Protein chains: 2
Amino acid sequence: MAAPVRRGRSAEGRAEVRGDLVRAALALFTEHGYDETTVDDIAAAAGVGRRTFFRYFRGKEDAVSPDHETCLARVDAVFAAAHETEPLAPLVLRAADPVFDLYLDSPAEASARFALTRNVAALRDREAASVDTYRRLFGRRLRERLADRPDGELAAAVTAAAVVAAHNMALRSWLVDGARPEARDTCRATFRRVETMLPVAPSVAADDLAVIATRLERAAARLERTAPPG
Amino acid sequence: MAAPVRRGRSAEGRAEVRGDLVRAALALFTEHGYDETTVDDIAAAAGVGRRTFFRYFRGKEDAVSPDHETCLARVDAVFAAAHETEPLAPLVLRAADPVFDLYLDSPAEASARFALTRNVAALRDREAASVDTYRRLFGRRLRERLADRPDGELAAAVTAAAVVAAHNMALRSWLVDGARPEARDTCRATFRRVETMLPVAPSVAADDLAVIATRLERAAARLERTAPPG
DNA sequence: TGATTGGTGGCACTGCGTGCCGTTACGATT
DNA sequence: AATCGTAACGGCACGCAGTGCCACCAATCA
């Protein structure tokens with residue numbers, strides 16, 4: 001009998017333990033179900049004590065998508081590094097890159113996570129709460145940039161929700177399509193199609209468009225009066 | 001010592017017990033904090049056994065906003081009763097009425113819930129998950145009605161998220177404004193301002209508007225050439 | 001080599017949520 | 001009005017999540 005190996009003492013050791021725990025959790029959740037798998041099971045499968053599991057993850061649910069906070073910080077960094085006056089459409093597109101990368105870097109695990117969050121109620125709620133933190137982040141950053149507009153707060157809240165929904169829709173279609181690693185640009189392509197739907201359109205805002213339309217309608221009315229059709 | 005009163009045997013008794021539990025939970029959470037309040041505390045404050053609490057609510061979190069499922073069903077009923085070809089903007093406005101009513105019927109409790117969901121992480125996550133069920137419901141119903149459009153699924157997903165965000169923004173501004181009961185229409189008024197931001201504008205989409213504008217511009221240009229002002 | 005630091009495993013504890021069971025009130029039936 | 005069936009009740013016990021505590025061990029440094 002070899003003595004039990006303690007692996008977590010170095011930085012590489014900690015990364016190894018963490019990876020083992022994530023893989024064990026995903027495998028056990030997928031195979032035996034989320035509710036039927038205990039934290040003891042996960043820890044034992046990873047060759048580690050139960051108490052150690054909670055030193056790597058806040059709880060059982062966090063083992064499924066453990067890189068949420070890191071990714072959130074990267075998204076925020078994109079906004080922080082961007083110029084104040086940069087157009088919003090390309091910025092919100094670029095801000096989502098860390099999320100896309102997180103999924104695209106490990107398609108197999110992404111698919112497993114996707115299946116779990118679809119089928120397990122507790123993980124679906126967790127996912128919704130996680131997505132909501134991205135929505136709030138986009139909302140904060142857009143509010144800064146739309147502060148001078150009329151109804152800027154409203155536009156920021158609506159746009160943030162719309163953008164996050166578009167991102168998730170893109171990721172979702174990529175996942176149900178088999179999560180092929182070579183389709184790295186599919187997400188971005190899908191997202192670009194939504195740009196015209198957003199309140200903050202690339203070049204002209206909806207408000208401006210409405211004003212233009214009103215003025216042109218009046219011009220048309222004058223046209224009808226001065227030059228009747230025939 | 002009077003013998004303990006058993007109140008839950010009739011329909012009115014059950015409603016009374018339920019109300020007592022909700023009020024006790026809100027009061028204790030607000031006064032002593034969510035984590036510091038146990039289910040035993042809530043049950044004892046409502047004069048009921050601990051086991052009974054779990055017969056009225058799925059868990060500790062559900063006691064804060066217990067009418068979520070009923071409200072969700074009412075929203076769905078609005079969609080089910082609506083005509084297939086009804087314009088979307090007034091429909092999504094009307095579909096939110098049950099939510100508005102739920103808040104407006106008890107402003108004091110709504111404010112207490114709002115403060116709790118802002119300050120307690122567990123309840124904020126719960127709220128996000130709850131809001132997400134509304135988003136999915138709107139998404140399903142909009143997908144039915146946008147199926148024939150190009151990118152209909154995308155438009156449905158984006159619009160659903162935008163509409164729900166607008167609703168929540170309206171409710172939020174009503175709540176931070178003091179939750180005055182007479183401001184029943186403030187929510188709807190706030191929401192109407194967002195209509196022009198939505199992909200599915202009241203009568204004409206932004207794309208169509210641009211096409212119309214182009215055509216009218218050409219007509220106006222012709223008018224300028226043929227009949228100069230004077 | 002000895003002391004410090006930091007991660008680990010085990011133990012015990014609180015609290016949530018559930019299954020089970022005996023008890024009790026209410027309402028229906030006759 | 002007495003009785004029976006239903007259903008909600010209280011209480012107990014249990015499993016599991018998550019946390020505080022402590023002894024232990026490996027790596028680093030004096």
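The structure displayed is predicted, hence computed values, not measured ones. The figures here come from the full heavy-atom set of this structure, side chains too, leaving out hydrogens, waters and symmetry mates. Chain letters run A, B, ... following the sequence lines, proteins first, then strands; residues in each count from 1.
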Is the ring centre of B:F138 less than 6.0 Å from the ring centre of B:F79?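 Centroid separation for B:F138 and B:F79: below 6.0 Å.
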
Spell out yes or no: do the side chain of A:R55 and the base of C:dG6 have one donor N/O and one acceptor N/O closer than 3.5 Å?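 Side chain to base: no pair below 3.5 Å.
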
Can you find a donor-acceptor N/O pair under 3.5 angstrom joining the side chain of A:R51 to the base of D:dG20?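 Check passes, donor-acceptor contact within cut-off.
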
When the nearest nucleotide of DNA chain D is assigned to B:G49 and to A:F53 on a heavy-atom basis, which residue is associated with the more 5' position?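 This one resolves to B:G49.
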
B:E16 has an atom CD; how far is it from atom P of D:dC9, in whole Å?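 Interatomic distance, CD of B:E16 to P of D:dC9: 12 Å.
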
May I have the distance from A:D40 (atom CG) to D:dG18 (atom C1'), rounded to whole angstrom?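 So the two atoms are 12 Å apart, to the nearest Å.
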
For A:N168, give me all partners under side chain to side chain donor-acceptor pair (under 3.5 Å), at least two apart in sequence or on another chain.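 Applying side chain to side chain donor-acceptor pair (under 3.5 Å) to A:N168 gives none.
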
From C-beta outward on A:F54, which listed nucleotide comes closest to its side chain: C:dC16, D:dA17, C:dG9?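 Taking heavy atoms from C-beta onward, the closest nucleotide is D:dA17.
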
Would you say a side-chain N or O of A:Y56 is under 4.0 Å from OP1 or OP2 of C:dT8?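 True: A:Y56 side-chain N/O within range (under 4.0 Å) of C:dT8 OP1/OP2.
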
Looking only at side-chain N and O atoms, does A:R14 come under 4.0 Å of OP1 or OP2 in C:dT8?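 It does, given that an N or O in the side chain of A:R14 lies less than 4.0 Å from OP1 or OP2 of C:dT8.
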
Heavy atom of residues 27-35 of chain B under 4.0 Å from DNA chain D: which residues?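 Output list: empty, so none.
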
Any residue meeting side chain to side chain contact (heavy atoms under 4.5 Å, CB included) with B:R55, in chain and number order, not counting sequence neighbours: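 Per chain and number, B:R55 pairs via side chain to side chain contact (heavy atoms under 4.5 Å, CB included) with B:R51, B:T52.
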
Excluding sequence neighbours, so at least two apart, what forms side chain to side chain contact (heavy atoms under 4.5 Å, CB included) with B:F57?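 Counting only residues at least two positions away or on another chain, B:F57 forms a side chain to side chain contact (heavy atoms under 4.5 Å, CB included) with B:R18, B:L21, B:V22, B:F53, B:D62, B:A63, B:P66.
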
Return each pair, listed once, that meets salt bridge (Lys or Arg N to Asp or Glu O under 4.0 Å) where at least one residue sits in residues 152-176 of chain B; pairs must be two or more places apart or across chains.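 Matches after skipping sequence neighbours: none remain.
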
Report, one line per pair, each donor and acceptor closer than 3.5 Å where one atom sits in a side chain of residues 26-35 of chain A; sequence neighbours left out.
from: A:T30; atom 1: OG1; to: A:L26; atom 2: O; distance (Å): 2.7

Nearest-nucleotide comparison on DNA chain C, the residue closer to the 5′ end among A:R50 and B:V39: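 Looking at the nearest nucleotide for each, A:R50 comes out on the 5' side.
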
